[in-house]
There are 2 protein chains.
Amino acid sequence: MTASPLSPSLSANALMIRKLDTIFPLSNDEKQALMELPIQLVKIDTGKDIVRLGERPQQSCLILKGFTCVYKLSVGGKRQIMALHVPGDIPDLQSLHLEVMDISIATISACTVGFLQHVDILRMCERHPRLTAALWRETLIDASIYREWLLNIGQRDSYARVAHLLCELLIRLRAVGLVENHAFDLPITQEEMADTIGISAVHVSRTFQALRANGLIETTRTRIYLPDWEGLKEAGEFDPLYLHLRNAP
Amino acid sequence: MTASPLSPSLSANALMIRKLDTIFPLSNDEKQALMELPIQLVKIDTGKDIVRLGERPQQSCLILKGFTCVYKLSVGGKRQIMALHVPGDIPDLQSLHLEVMDISIATISACTVGFLQHVDILRMCERHPRLTAALWRETLIDASIYREWLLNIGQRDSYARVAHLLCELLIRLRAVGLVENHAFDLPITQEEMADTIGISAVHVSRTFQALRANGLIETTRTRIYLPDWEGLKEAGEFDPLYLHLRNAP
DNA sequence: CGATCGCTTGATGTTGATCAAGTGCGGTGG
DNA sequence: CCACCGCACTTGATCAACATCAAGCGATCG
């Protein structure tokens, strides 16, 4: 981790509030408490581990910029990516109550993250019990996404899997204002996407081509455009219920 | 749900305490609070839904006897089972903070379950903040199991998938005293196992035969014996870290 | 300006799906 | 107590989706 500590920022807390507010209604009092939560900013290069399996972190990280992934390796060395996280997410919030990491978390693009000390979070939650519920709810939505991904990988073919993942990313990124006209930055290689949905990288390439041919996606190097939202939703059997957003899209 | 309400029981609360205590150290005070939690017992036949996608339950259910599964259907009608739950588990604890069910839960054998009203749970948690942490932790372990299952389905072949699932069930059942000499009741059809690990029922049958041939399992109608625990663990790449048990097996 | 990385393309191989026809066990009813 | 029925499981044959291997291409970056 090539970390360059910065000074505490305004916008980190604001982003956290914005994200939390999409899943749980926050009072002004609670927003104020969140604004006062100390956050230490760090920049991290692409492809670095933020935290590793087996570690016992005293902090959780808030993504401010870039994408990260949660992953595990099988004995044969194959990688499964269990989750992708985008700005506003706290990929290892679970470590607040699960001492030993059962996963690793890595950046898949250049990232800025903010570290939240567990002691600070716990103190805040003591004073504001509804914030406990809000953060608990956030971890429950993570679990809901895992469930949907199990359905995706277990039962759908590769075409639907890719379509579903793209639908989910659009909705999640839109919630934090990172989508313009059904287009967004997607700093993820086909190999990473392959490890995410359980197919080979070669087959991701072929599947992308099929989606392009059907007018469901248009891609440039790091950006993706979804010209036919209804068509993509249907292809991916996508229903955003499982994201539990307050203002359901 | 062919429900026949029974009188409040002693053992339901005791089972809940026993299970929680395997993942979180409980004080006598907290155990007392759990003993006082009202639990309404209900018997449910095989193959009935306990709660369905889209519902907004005011209660969660504690499994006392039998197995249940968490599932979703794909548009094509294929079923993915995302979780199996055994006595001591609370399969829909998430509904405490996620109003709308994003999954359905069904019995896969004759079950006795106990219903816990959300208001009662919340009141108990207010008075005993460490119990909030304990229950939160329980939902985090559910999420950890989802992650491991993603790795299982996404990266391992059918032989390893079955082996892994059997290893997990042994450990989880042992924690609640339902294993004798590496043998336990397994009231699950091969079709259900197929929907759990994302392969076809026919292939489950063949995989079982391969495991039998290698001396890793012996089965009767409803019971399974694991004669070569080390061998099975290796076949399933099983490491129980992700179950976050206090007395790691 | 070469090197590297990510993507593409084609050829071949394998796992596991699907279809279809049995088999055996347990439970049910006569 | 026995005969029957149904369901779970088994077995064999064929097929499809996707993996793997290998080579080439194009853009980005030092």
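Here is the naming used below: chain letters follow the sequence lines, and residue numbers restart at 1 for every chain.
B/Thr219 has its side chain out of reach of B/Tyr225: every pair of non-hydrogen atoms, C-beta onward, lies at least 4.5 Å apart. Put simply, the side chain of B/Thr196 reaches to within 4.5 Å of the side chain of B/Trp149, judged on heavy atoms. You'll find the side chain of A/Pro227 reaches within 4.5 Å of the side chain of A/Glu218, heavy atoms only. At a threshold of 4.5 Å between non-hydrogen side-chain atoms, the residues B/Pro87 and B/Leu64 do not count as touching.
One interatomic measurement links the two molecules: CZ of A/Phe208 to P of C/dT9, which rounds to 14 Å at whole-angstrom precision. Rounded to an integer number of Å, the gap from CZ of A/Arg156 to C1' of D/dA16 is 20 Å. A/Gln190 places its CD atom 6 Å from the C1' atom of C/dC7, with the value rounded to the nearest Å. At whole-Å resolution of the value, CG in A/Asp45 and P in D/dC29 are 14 Å apart. Taking atom CG of B/Leu186 as the reference point, atom C1' of D/dC9 lies 14 Å away to the nearest angstrom. The separation between A/Ile188 atom CD1 and C/dC5 atom C1' is 16 Å, rounded to whole Å. Atom-to-atom, CG of B/Asp157 to C1' of C/dG13 comes out at 16 Å; the value is rounded to the nearest Å. Regarding A/Glu192, its CD atom lies at a distance of 14 Å from the P atom of C/dC5, rounded to whole Å.
Remark: nothing in residues 68-77 of chain B comes within less than 4.0 Å of DNA chain C through any heavy atom.
Electrostatic pairing of A/Arg223 and A/Glu180 counts as a salt bridge here, judged by a charged N lying under 4.0 Å from a carboxylate O. Comment: A/Arg52 engages A/Asp49 in a salt bridge, judged by a side-chain N to carboxylate O separation of less than 4.0 angstrom.
Aromatic ring pairs are classed by plane angle as parallel below 30°, tilted from 30° to 60° and perpendicular above 60°; the pair B/Phe238 and B/His164 is perpendicular.
Within the 4.0 angstrom heavy-atom criterion, only backbone atoms of the sugar-phosphate kind lie near B/Arg212; the bases stay farther away.
Between A/Ser205 and C/dT8 there is a side-chain N or O to OP1 or OP2 distance below 4.0 Å. Distances shown here put a side-chain N or O of A/Gln209 below 4.0 Å from the OP1 or OP2 atom of C/dT9.
Under the side chain to side chain donor-acceptor pair (under 3.5 Å) criterion, A/Arg172 pairs with A/Asp89, A/Glu168, sequence neighbours left out. Looking at residues two or more places apart in sequence or on another chain, you find a side chain to side chain donor-acceptor pair (under 3.5 Å) between B/Gln209 and B/Ser205. Judged as a side chain to side chain donor-acceptor pair (under 3.5 Å), and not counting sequence neighbours, the contacts of B/Thr189 are B/Glu192.
Shown are A/Arg147, A/Arg156, A/Gln155; of these, the side chain to side chain donor-acceptor pair (under 3.5 Å) with B/Gln80 is made only by A/Gln155.
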Output one line per pair: protein atom, nucleotide atom from nucleotides 19-28 of chain D, and distance, for all N/O pairs under 3.5 Å.
from: D/dA19; atom 1: OP1; to: A/Ser200; atom 2: N; distance (Å): 2.8
from: D/dA19; atom 1: OP2; to: A/Ser200; atom 2: N; distance (Å): 3.0
from: D/dA19; atom 1: OP2; to: A/Ser200; atom 2: OG; distance (Å): 2.8

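End-to-end axis angle of the helix from C/dC1-D/dG30 to C/dG30-D/dC1, using five pairs per end and rounding to 10°, comes to 40°.
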